[in-house]
Structure formats: C-alpha cells, structure tokens
K.L.:
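Shown below is the structure under consideration.
Order of the sequence lines sets the chain letters (A, B, ...), proteins ahead of strands, with each chain counted from 1.
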There are 2 protein chains.
Amino acid sequence: MTLSVFVEHLGVLSPLEEHDREGILSLPVSEKRIPAGGYIAREGTASSTFSVLIDGLAYCQKLACFNARQIVSLAIPGDALDLPNLFLAAADHDIRALTDCETAVVHSELLRELAQRRPAVARAFMVKALVESSVSREWSLNIGRRDARTRIAHLLCEHMVRTRARGLTTGDIMYFPLTQEQLGDATGLTAVHVNRMLRSLEADNLIEKRKGSQIRIPCVDTLRMAGDFSARYLHLRASTEAQNQ
Amino acid sequence: MTLSVFVEHLGVLSPLEEHDREGILSLPVSEKRIPAGGYIAREGTASSTFSVLIDGLAYCQKLACFNARQIVSLAIPGDALDLPNLFLAAADHDIRALTDCETAVVHSELLRELAQRRPAVARAFMVKALVESSVSREWSLNIGRRDARTRIAHLLCEHMVRTRARGLTTGDIMYFPLTQEQLGDATGLTAVHVNRMLRSLEADNLIEKRKGSQIRIPCVDTLRMAGDFSARYLHLRASTEAQNQ
DNA sequence: CGTTTAATTGAAAGCAGTCAAACTATGTGG
DNA sequence: CCACATAGTTTGACTGCTTTCAATTAAACG
C-alpha cells in the first residue's frame, strides 16, 4: 500500500503496465518514521535500502566549508528520496526530514533486479532521475541569475505547482513549512534577507502568511511573473510516450 | 568508430558486456560539425536524434528574463549531449557549442530500443544521468554558497579533474577556452568580476595564463583548497558494481 | 509559564555589480 | 604586410544589493 503514491507518480511520468506496477507494489516494504531534522541519508555513505517519501517533506543538502549549507532539492510525498543511491556508490549529499516524515523502505537490490527485468520500470526511474536533474538545473539558474525577491517567488511557485500536480495542494493555500533560514539555504540567501523579501512580497499582496506554516497565494499568475516562473522544467508529464495518452 | 569514446566512458561508470558495447557501436551514426557558438539543441524543442560530443567543448544554458544567462553544465568529449531528450518530451535548456564541435548523431529511437533490450545499457544511461545530476547539485552549492574567487577555483578544479580522468589533460596545463563572460555565466558572476578574481588567483600563483586558451595549474592541491573542491560528487567510478572491479 | 526557536527590524559594512574607457588579441581584407 | 574591425580583457570609480551584526519581538513547545 505504502508505495502506491510512488507508483502512481512514476506512472504519470512514464507509461507503466499493470505488471510493472505490481512488480513494485509487491516488494517487501517496511515503514519508517523520521523526526523533523533527522537524517535519512548522509553524504559519503552507501545504502542498501531505497526510501520513498510517503508523508511529510524532506530535503537534500550539501555543505561547503565554513558551515555554509545549500539545500539542493525538496522532496514531497510520492518522491523517491535517494534514486542516486540506487545506482551510485556513495551519496553526494545529505537527505534530511524537513518535517516529521513517514517513509517506505525497500531493499535496493530488489528494486535494481526489478528494473533489470522490466524495462518500463527502468525507464520510469530514468525519467524520474532526468526530471530531478532538470529541476536541479533550474535551481542553478534561480540561484545564479535571479535577484533575491525573484528567487523566493520562484521557489514558492515551484512548490505550489508541484504539490498541486500531486493533489497535495488544493485551492490557493499551500503548506510550506520551511523556516526562513532553510528558505535562505535553498535560494543562496541569508535568513535576514529572506525575511525582508518575504515582507516585500507580502506588502505587494503576492503572498499572505497563514496559521500553521501555510501561505496563501492570492494570484498565482502574479507570483509567477514576480518569480520569472515557467513550469516547463518540471516536466509534469515527462515521457515522450506519455504525451500520446 | 565515433561512438567509442562515449562507450568507453559509459563502461567506466557502469559495467558493460561486449554485447552491450557492440549494441551501441553498431548503431548507424552520422557525424556533424557545429561551429563555436552554434546551437545543438534549443529549449522547448523535442529531438529525434541523440548526440555525443566527439571533439570540442559544449555547454548547456538556461535563460532568465532580462537576458540573464546561466550556464548549467559543460560537456567534454565522450559526454552525451542530451540524455534528457532521450526520455523527456521537450528540452528544458539550450545546448551550444563552446568551441567548434564534432558530434556523433544517432536516432533516439534506436538507442531507446537498445536500452530496452539490454538492461546494462539502460543502467549505464541511468548512472550517467545520475552523475550529471550530482554535478548539477554541486553547481548549485558552488553558485549559492561560495564566494566569487572560490567558485572560479572550484570550476577550474572540476574541469581539470574531469578532463584528466578522461585522458584529455595531461600534466599541469589544461585547455580552458571559456571567455570570462562565459565563466561568469557558469558561476553566477559578471565578466568584470571574473576578471578580477582570475587576476587575484594569478597573483597568488594558483593559475597561470598560457597561449591558446590554456591555463597552467602549478599546484592542484592548492587550487583544490582555494576552490573548496572535493571530487566525490563527480563519481568518477560511479556504479555500485563497478567498485568490485 | 518559562524556555527555546524563529521572525523581525535597524544600522553599518562589504562583496559583487554597473558603467565607462582603454587596452590587447585575433582575424580579415586590401 | 599593414589597416581596420571585432571580440575579449583589463582597470578604475562608483553604486547597490545582500550580508553581517545586534537587538527586539513573536511564536512554538514542553
């Protein structure tokens, strides 16, 4: 049951037959809970297990010297948490729980075998990896070439579009529990400046702060323009074949 | 013949049998030359062909509004130029020739079929995609959390290590034909500031400019420290299996 | 409640950007 | 081989976005 969000998400990216879905869904799974702030994986380590995020939010981070941290991606329920770990020898980043998380854990080897037996599964993993890579490139652009206010607006748009596409957000209110420090680490800014930019966005009615780490976005299109955002890079329906469906 | 650098590179990342190699090498290939500055692919377009860089250097770029450009990756001979295009519906970035380039072009469909028939090929593509993704994350960290001088030193280290690993650089002199403007676009800086930082690195004997777009690096370890560089993220020998060889 | 964490605000400093000009290298055509 | 055009590099002066430092306020939590 627990892997179904993952399979469903994969199926949107790349066509899967019933056998492919069942192949994944019938793998022995164990559930694991990670408290907010906890580590799901650490840089430099290998892992023989593969985790899927079932509930909560997680992120990948990398550290530079001087304790400088860059958050390089956000994971939402249905996302694979360590696709690289499935095929690379050692993780090149930490994976941490942003909120309390619930994950589904399977043995890597079983998944690799499945990918070997069923090309459509391998392909779906490939598509997922390529989409994540695309998002990563957009982040480079965001961090490297947009000003602070635009960066933040862009990240908010991205999260809105991603969560909405997966049915996790409905309406104009979005759950966005990043602290301003984390938001800064994701956009290459300091928490102080993030605060100023959020206040600026709020002053212009682009966002509204709500109780419980929620944000209301009165007009997505306005925020989209403020964030120089276009959803193309998210490849919400990614596969070349999936287009014909 | 032309695809052999690509196959050899793939084989280092992930184990390939003779049949896998031959499967790729026997595909119908055509060569294509692209002059420096020319476009190999454009954002938003699909392509039914797959290109491998045989000679020269290429890069991927993304544009923000205001003509701001971010170079999001560099390709060296042996690299696939548009792995995403093989499995995603539309390119999310431009691919351009940095210098005059020679590419090997094959039909995407043939390569997808091959990946479907031979799991090891699919896996090698996967590993290559994941490594590129890892590099992309490191670029985010570089752009987001390192100061200008460090960023440039880091990029120089990266290029040194990558080209050396592929036998394209020997000794302490490296071919590095990026203009300062391009270097700025790759690091999230302006050309003017890149110039200042290069002069600073040169003043400290970390780099030496040579004729013909070449750079001498007197001491790689010193530059490595200046660039906060560790090669882990390059996954030079990437596969979990490849470790046992 | 008291304690801790996060958000907010102000003032000052600094890194990188902008603008502008001069210089150098490279390549082309006469 | 020289004159010229073009592209890229270098330098200086100034501006400004973002950071840093510090202190206060608000919110979350046991």
K.L.:
Decide whether Ser133(A) and Arg137(A) meet the rule of one side-chain donor and one side-chain acceptor closer than 3.5 Å.
P.N.:
yes
K.L.:
Check whether any side-chain heavy atom of Thr49(B) sits under 4.5 Å from a side-chain heavy atom of Val106(B), and report yes or no.
P.N.:
no
K.L.:
Provide, to the nearest angstrom, the distance between the CE atom belonging to Met197(B) and the P atom belonging to dT10(D).
P.N.:
13 Å
K.L.:
How many Å lie between NZ on Lys211(A) and C1' on dA26(D), as a whole number?
P.N.:
10 Å
K.L.:
Round to a whole Å and report the spacing from CZ of Phe66(B) to P of dC17(D).
P.N.:
13 Å
K.L.:
Check the distance between dC17(D)'s C1' and Arg146(A)'s CZ and give it to me in whole angstrom.
P.N.:
18 Å
K.L.:
Compare the minimum distances between each of dT18(D), dA16(C), dT18(C) and the side chain of Asp147(A), then state the nucleotide with the smallest one.
P.N.:
dT18(D)
K.L.:
Going by the rule ring-ring contact (aromatic ring centres under 6.0 Å, His included), which residues pair with Phe176(A) if we only count those two or more places apart in sequence or in a different chain?
P.N.:
His159(A)
K.L.:
Would you classify Gly188(A) as touching base, sugar-phosphate or nothing, given that sugar-phosphate means primed atoms plus P, OP1 and OP2, and contacts are heavy atoms under 4.0 Å?
P.N.:
sugar-phosphate
K.L.:
Sub-3.5 Å donor-acceptor pair from the side chain of Asp228(B) to the main-chain atoms of Cys65(A), do we have one?
P.N.:
yes
K.L.:
Rounding to a whole Å, what distance do you find between Arg145(B):CZ and dA16(C):P?
P.N.:
13 Å
K.L.:
Show each protein N/O and nucleotides 4-9 of chain C N/O combination with a separation under 3.5 Å, one pair to a line.
P.N.:
from	atom 1	to	atom 2	distance (Å)
dA7(C)	OP2	Gln180(A)	N	2.9
dT8(C)	OP2	Gln180(A)	NE2	2.6
dT8(C)	OP2	Asn195(A)	ND2	2.7
dT8(C)	O5'	Asn195(A)	ND2	3.2
dT9(C)	OP1	Arg199(A)	NH1	3.1
dT9(C)	OP2	Arg199(A)	NH1	2.8

K.L.:
Figure out the CD/P separation between Gln214(A) and dA28(D), and round it to whole Å.
P.N.:
12 Å
K.L.:
Calculate the interatomic distance between His193(B) atom NE2 and dT18(D) atom C1'; express it in whole Å.
P.N.:
13 Å
K.L.:
Rounding to a whole Å, what distance do you find between Ile143(A):CD1 and dT19(D):P?
P.N.:
12 Å
K.L.:
Is there a donor-acceptor pair closer than 3.5 Å between any side-chain N or O of Asp82(B) and the backbone N or O of Phe50(B)?
P.N.:
no
K.L.:
Can you tell me if Asp204(A) uses its side chain to pair, donor with acceptor, with the backbone of Leu201(A) under 3.5 Å?
P.N.:
no
